[in-house]
Amino acid sequence: MRREQRLRRRKDFAAAYRQGKTQGNRLLVVRVRPNGGETTRFGFVAGKVVGGAVTRNLVKRRLRAAARALATKPGLDIVVGARKVAAVAEYRALERALAVLLKRAGVLADDGPAVPPEGPPGKEHH
RNA sequence: CCAGCGGGCCGGGUGGCCGCCCCCGGCGACGGGGGAGGAAAGUCCGAACUCCACAGGGCAGGGUGCCGGCUAACGGCCGGGCGCUGCGAAGCGACGGAAAGUGCCACAGAAACAUACCGCCCGCCUCGGCGGGUAAGGGCGAAAUGGUGCGGUAAGAGCGCACCGGCGUCGUGGGGACACGGCGGCCGGGCAAACCCCACCCGGAGCAAGGCCAUAUAGGGGACCGCGUCCGCAAGGACUCAGGACGGCCCGUCCGAGCGUCCCGGGUUGGCCGCUCGAGCUGCGGGGCGACUCGCAGCCCAGAUAGAUGGCCACCGCCCGCAAGGGUACAGAAUUCGGCUUACAGGCCCGCUGGCACU
RNA sequence: CGGGGUGUAGCUCAGCCAGGCUAGAGUGCACGGUUCGGGACCGUGAGGUCGGCAGUUCAAAUCUGCCCACCCCGA
C-alpha cells in the first residue's frame with residue numbers, strides 16, 4: 001500500500017476518531033470518515049494491548065495486505081484498530097473480519113451509496 | 001562411553017503469485033542494485049557529533065577503587081596477584097584505608113571496648129563473707145583478648161620456648177600488585193554497599209541536538225520591578241549597589257540602570273538538511289601470551305518517520321503425537337559507534353578435566 | 001532522548017532516610033455479645049514470598065546491584 005494511500009497525520013487520526021462512523025467486532029474496530037479527496041486512505045492502529053513491537057507490526061502488515069485486497073469507494077479515511085485477540089488471529093480471519101466491517105459500513109465498491117463520496121465515483125486504485 | 005568445564009558459531013531452506021521503502025539510469029513505460037538483530041531490547045556506562053557556557057581558584061555534588069596493559073573513551077576487555085569454592089578442567093570476588101576522627105553493634109550476657117557472674121588460687125576473719133590475683137575452664141552471644149603443644153606458676157597468663165596465623169622491620173626477586181627469607185615481638189574486635197579519609201576522573205544539555213524554508217489573531221496581547229546620587233559644559237568617571245551573566249554555592253570577574261522578568265497566545269508535533277563512508281567490513285601478511293595493533297589489497301553493506309524491509313500458498317528440514325494434526329526460540333533498526341546487562345526452541349565446531357572399560 | 005516516583009493484609013496507607021523491637025493502622029472478613037430482628041456499638045480472631053533474584057552484614061521491608069510491573073514529568 002503506497003504512502004499516499006495511508007493516513008500519516010495525527011490530525012487525520014484525530015478527525016476519524018472524532019467524526020467517523022464506527023463498526024466493530026471481536027477482532028477489529030473500523031472508523032470511516034469522508035476526507036473530501038479522491039483517494040481512500042487507510043490507517044492502522046495496534047496498541048500495546050496487542051503485544052510487543054514484533055506482533056504489533058505483524059498485525060498491521062496483515063491488515064494492510066487485507067485492506068489492499070478489498071476494493072473500496074474513493075474519498076474516504078478509514079482507521080482500522082486491532083483488538084487484543086487480533087494478535088493470535090490468522091490472516092484469513094482478519095481479512096474476513098475487515099470485509100464484514102467495511103461491508104457493514106457500506107464502503108465497499110459494489111455497495112450502494114451509504115456514505116456519499118465528495119468526488120465523482122472514481123476509478124479503482126490498484 | 002558417561003559426567004562435566006571453557007571458548008567460538010548458526011539460529012530455517014527452496015519455489016510461485018501479489019506488494020512496500022531507498023539509491024542509480026530513463027521524458028516515460030520500465031530496467032538494475034540494496035533492504036532488521038545477536039541481542040536491533042533494557043537504556044546501565046563510555047564516546048563521536050551539535051548547540052550553549054567558559055580568566056581563574058575553592059567548596060559542594062557525582063563516579064571509579066588490588067597491579068600492569070589495551071583503547072578515542074569507559075564502570076569495558078586482556079594478562080597477572082591475592083582470597084574463596086571445586087577431586088579437577090575451571091568458576092566467583094564493590095579486592096584502597098578501621099594505630100585521622102565521629103557513629104553504630106539489638107536481645108542475651110558480669111562485661112561489646114572497657115570489663116571478674118560462676119569458677120580457680122592466695123590472704124584475713126565473728127565459717128560465711130571480705131580484700132587481692134587470674135581470661136586455663138563454665139555460661140551468654142554473630143562476635144569475649146591469636147591457635148596447638150611443652151615448660152612454668154600459689155593459681156594463671158606469650159610469662160618463656162617450638163610450629164602456625166597476624167603485625168612491624170630489614171633483605172632478596174619482580175615494572176607493580178605481591179612473593180620468599182631473616183630479625184623483633186605479642187602489639188587486642190566488627191561494620192566504611194554508616195558518615196568519612198585517600199588517590200584518580202567528571203562543564204551543561206541532547207538529533208524533539210542544531211540549521212534552512214514555509215505558515216502565523218506576528219516585529220501579538222497583558223501584568224510587574226526599576227529608570228538613583230555625586231563630579232563634569234560634554235565625552236566620561238566615581239559612589240551606591242537594585243538587578244543580570246559565569247551548570248549549583250562562595251571568592252572573584254564581567255555587564256549594568258538596562259530594555260529586564262513573568263503570564264497568555266502562536267510555533268517546536270508542516271517540508272528539507274542533519275542521515276548514513278564509519279574509531280567501517282572482508283582477506284592476506286607482520287608484531288604481541290593476550291586484549292589489541294600496523295601494513296597492503298578489495299568492498300559499499302537499511303535509512304523509514306502512524307514509521308518500508310512484507311502478505312499468502314506449496315514442498316523440504318526440525319520438534320510433539322499411534323494418527324488426524326499442531327508447533328517451529330527470543331525478538332523489529334529510529335543520529336552513529338564501543339561495551340555492559342537481560343531474553344532465547346534447537347543445533348554445530350574446537351580445546352580441556354574427572355571416571356569406567358578395552359588395546 | 002532524558003528525569004522522577006510507586007510496589008507492604010482483600011482494599012487504602014504507615015514503617016525504610018539513621019538495619020535488630022510481635023511488620024502496624026483504618027476499612028473489609030469470620031466468630032461471640034448487645035437487639036424481637038437488622039444496622040450501629042463492644043469484644044475476640046484469622047489474614048503478609050514486604051514486586052522478584054543476587055549481594056553486604058551476626059542480622060535486610062529497611063543498605064547496594066540487576067531485573068519486572070505500573071504511574072508521572074520535561075525536551
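Each chain gets a letter, A, B and so on, in the order the sequences are listed, and its residues count up from 1.
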*Syn or anti: how is B:rC301 classified when any glycosidic angle within 90° of 0 counts as syn?*
syn
*Is B:rA36 in the syn or the anti form, by the rule that syn lies within 90° of 0?*
syn
_As a test of the definition: with a 90° window around 0 for syn, would you call B:rU153 syn or anti?_
anti
*Taking only N and O in the side chain of A:Arg64, is any of them less than 4.0 Å away from OP1 or OP2 of B:rA308?*
yes
_If you only use heavy atoms from C-beta on, which nucleotide in B:rC312, B:rA333, B:rA36 is closest to the side chain of A:Ala53?_
B:rA333
_P atoms of B:rC74 and B:rU64, separation to the nearest Å_ = 14 Å
*What integer number of Å spans the P atoms of B:rC150 and B:rG137?*
14 Å
*Can you check side-chain contact (heavy atoms from CB on, under 4.5 Å) on A:Phe42 and A:Thr72, steps first, answer last?*
CA-CA 11 Å; A:Phe42 278 91; A:Thr72 56; 4.2 Å; yes
_C:rC58 - base-pair partner by Watson-Crick or wobble geometry, distances under 3.5 Å_ = C:rG20
*What's the spacing between A:Lys48 NZ and A:Lys84 NZ if we round to 0.5 Å?*
13.5 Å
*Watson-Crick or G-U counterpart of B:rC77, or none if no pair lies under 3.5 Å*: B:rG69
*In Watson-Crick or G-U wobble terms, both distances under 3.5 Å, what is the partner of C:rC66?*
C:rG52
_Rounded C1' spacing from B:rA143 to B:rG61 in Å_ = 37 Å
*Relative to the 5' end of RNA chain B, which residue comes earlier, A:Gly43 or A:Val54, by the nucleotide with the nearest heavy atom?*
A:Gly43
*Rounded distance (Å) that lies between atom C1' of B:rA306 and atom CG of A:Asp77*: 13 Å
*Taking only the side-chain heavy atoms of A:Ala65 (C-beta and beyond), determine which of B:rG19, B:rA306, B:rG311 contains the nearest atom.*
B:rG311
*asked:* From CG of A:Leu58 over to P of B:rG307, roughly how many Å is that when rounded to an integer?
replied: 15 Å
*Measure from CZ on A:Arg61 to P on B:rA308 and round the result to the nearest Å.*
8 Å
*Should B:rC318 form a Watson-Crick or G-U wobble pair with both distances under 3.5 Å, which nucleotide is its partner?*
B:rG327
*asked:* Checking A:Arg33 against A:Gln19: is there a side-chain donor and acceptor pair closer than 3.5 Å?
replied: yes
*For B:rG97, measure the glycosidic angle (O4'-C1'-N9-C4 for a purine, O4'-C1'-N1-C2 for a pyrimidine) and name it syn if it falls within 90° of 0, otherwise anti.*
anti
*Under 4.0 angstrom, heavy atoms only, what part of the nucleic acid is A:Arg62 near: base, sugar-phosphate, or nothing?*
sugar-phosphate
*Does any nucleotide pair with C:rG47 by Watson-Crick or G-U wobble geometry, both distances under 3.5 Å, and what is it?*
none
*asked:* If you assign each of A:Arg92 and A:Asn57 to its closest nucleotide in RNA chain B, which residue comes earlier from the 5' end?
replied: A:Arg92
*Which one, B:rG307, B:rG19, B:rA306, comes nearest to the side chain of A:Arg6?*
B:rG307
*Side chains of A:Val32 and A:Asp77: does their closest heavy-atom pair fall under 4.5 Å?*
no
_Nearest to side-chain heavy atoms of A:Tyr91, which nucleotide of B:rA306, B:rC312, B:rG310_ = B:rC312
*Please measure how far the P atom in B:rA306 lies from the corresponding atom in B:rA333, and state the result in whole Å.*
16 Å
*For B:rC22 versus B:rG220, give the span between their C1' atoms, rounded off to a whole number of Å.*
44 Å
*Report yes if some heavy atom in the side chain of A:Arg83 is under 4.5 Å from a heavy atom in the side chain of A:Val49; otherwise report no.*
no
*Mind calculating the distance between CD (A:Gln5) and C1' (B:rC21) to the nearest angstrom?*
15 Å
*Any A:Arg68 side-chain N or O less than 4.0 Å from OP1/OP2 of B:rG19*: no
*To the nearest Å, give me how far apart CG (A:Leu70) and C1' (B:rG19) are.*
15 Å
*asked:* Could you check B:rG203 for me: syn (within 90° of 0) or anti?
replied: anti
*asked:* Rounded to whole Å, how long is the line connecting atom CZ of A:Phe13 with atom P of B:rU305?
replied: 14 Å
*Whole-Å distance between B:rG311 P and A:Phe42 CZ?*
19 Å
*asked:* Any strand counts, and the cut-off is 3.5 Å on both contacts for Watson-Crick or G-U wobble. Which nucleotide pairs with B:rC224?
replied: B:rG260
*asked:* Using the P atom as the point on both nucleotides, what is the distance between B:rA60 and B:rC196, in whole Å?
replied: 10 Å
*Measure the spacing between CZ of A:Arg31 and CD1 of A:Ile78 and express it to the nearest 0.5 Å.*
13.0 Å
*Could you please name the partner base of B:rG4, counting Watson-Crick and G-U wobble pairs only when both distances are under 3.5 Å?*
B:rC352
_Please report the distance separating the C1' of B:rA216 from the corresponding atom of B:rA205, rounded so that it comes out in whole Å._
29 Å
*Searching all strands shown, indicate the nucleotide that pairs with B:rG25 (Watson-Crick or G-U wobble; both distances under 3.5 Å).*
B:rC30
*Can any side-chain N or O of A:Arg56 pair as donor or acceptor with the backbone N or O of A:Gly51 at less than 3.5 Å?*
yes
*Protein-nucleotide distance (A:Arg41, atom CZ; B:rG307, atom P), rounded to Å*: 12 Å
*Hey, could you give me the CG/OG1 distance between A:Asn35 and A:Thr40, rounded to the nearest 0.5 Å?*
6.5 Å
_C1' spacing across the pair B:rG270 / B:rC301, given as an integer number of angstrom_ = 33 Å
